[in-house]
Amino acid sequence: MDANEILDYCLAKKGVTESFPFDNETLVLKVGTKMFLLMALEKQPLGINVKTDPEWSAELREQYPQITGAYHMNKTHWNSVMIDGLKQDLILKMIDQSYDLVFSSLTKKAKEEILNS
């Protein structure tokens, strides 16, 4: 997968917005007001940071050398994922879980606004 494919996949989800709050290279995707994916556009190989269930995070890190605790983030909940060598379905599953975890943490009002938009 490349950056455009990941971006298109994420933007197709309800309530997703994109911004560059940290610098001109790190794309941040949010659902509501909360981040669910970060992507360094200028770095190669391409990498993303996603939120994952802590138990699954541990399993992923044991199975795949491309997946590590996310730099500058809570390593219990966030993973850095180097895209090269990973199957697309695994990448999409991690993106989906990140979106779902963050969406579920939103207020009831915020969830309703997103679902009704």
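Values below: all heavy atoms of this structure, side chains included; hydrogens, waters and symmetry mates excluded. Just so it is clear, the model here is predicted, and its values are computed rather than measured.
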Return the set of residues passing side chain to side chain donor-acceptor pair (under 3.5 Å) with [X] (not counting sequence neighbours), or none when no residue passes.
X	value
Ser98	none
Lys13	Asp96
Lys34	Ser105

Original post:
Taking everything shown except Asn24 itself, do over 12 heavy atoms lie less than 6.0 Å from its CG?
Top reply: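 Incorrect, the count does not exceed 12.
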Original post:
Is the number of heavy atoms from other residues, nucleotides or ligands under 6.0 Å of Lys93 NZ greater than 12?
Top reply: no
**OP:** Consider only side-chain heavy atoms of I, L, V, M, F, W and Y, link residues closer than 4.5 Å, and tell whether Met94 and Tyr9 are in one cluster.
**Re:**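 As far as the 4.5 Å side-chain criterion goes, Tyr9 and Met94 are connected within one cluster.
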Original post:
Do the side chains of Met35 and Leu41 join up, straight or via other hydrophobic residues, at under 4.5 Å, putting them in one cluster?
Top reply: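 In one cluster with Met35: Leu41, no.
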Subject >> Closest non-hydrogen atom pair between Ala110 and Leu106, with its separation >> reply: CB-CB, 4.1 Å
Original post:
If you look at every heavy atom in Ile95 and Cys10, which pair is closest and at what distance?
Top reply: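 For Ile95 and Cys10, the tightest heavy-atom pair comes out as CG2-SG, 3.7 Å.
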Original post:
Is any side-chain heavy atom of Met39 less than 4.5 Å from a side-chain heavy atom of Leu46?
Top reply: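 A side-chain contact exists here, since the closest heavy-atom pair is under 4.5 Å.
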Original post:
Any side-chain heavy-atom pair from Leu29 and Leu7 closer than 4.5 angstrom?
Top reply: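 In contact.
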Summary of salt bridge (Lys or Arg N to Asp or Glu O under 4.0 Å) pairs that have at least one residue in [range], sequence neighbours excluded:
range	result
residues 102-117	none
residues 20-30	none
residues 50-72	none

Subject >> Test applied, side-chain contact (heavy atoms from CB on, under 4.5 Å); reference residue, Asn49; option that passes from Leu38, Val81, Thr26, Asn79 >> reply: Leu38
Once side chain to side chain contact (heavy atoms under 4.5 Å, CB included) is applied, do any residues pair with [X], and if so which ones, sequence neighbours excluded?
X	result
Asp100	none
Pro21	Ser19, Val28
Ala58	none
Tyr64	Leu60, Gln66, Ile67, Leu86, Leu90

**OP:** Just grab all the ring pair (Phe, Tyr, Trp, His ring centres under 6.0 Å) pairs involving residues 15-56, residues at least two apart or on different chains.
**Re:** Phe36-Tyr99
**OP:** Go through the side-chain N and O atoms of Thr68 and Ser80 and say whether any donor and acceptor fall under 3.5 Å apart.
**Re:** no
Original post:
How many angstroms lie between atom CD1 of Ile6 and atom CD1 of Ile48, to the nearest 0.5 angstrom?
Top reply: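 So the CD1 of Ile6 and the CD1 of Ile48 are separated by 5.0 Å.
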**OP:** Give the C-alpha distance, both sets of side-chain angles, the deciding distance and a yes or no for side chain to side chain contact (heavy atoms under 4.5 Å, CB included) between Val50 and Gln97.
**Re:** CA-CA 8 Å; Val50 289; Gln97 185 174 97; over 6 Å; no
**OP:** Could you go through the side chain to side chain contact (heavy atoms under 4.5 Å, CB included) check for Val16 and Leu37 one step at a time?
**Re:** CA-CA 10 Å; Val16 173; Leu37 185 140; over 6 Å; no
What side-chain donor-acceptor pairs closer than 3.5 Å can you find for residues 71-78, not counting sequence neighbours?
from: Asn74; atom 1: OD1; to: Thr76; atom 2: N; distance (Å): 2.8
from: Asn74; atom 1: OD1; to: Thr76; atom 2: OG1; distance (Å): 3.4
from: Lys75; atom 1: NZ; to: Ala70; atom 2: O; distance (Å): 3.0

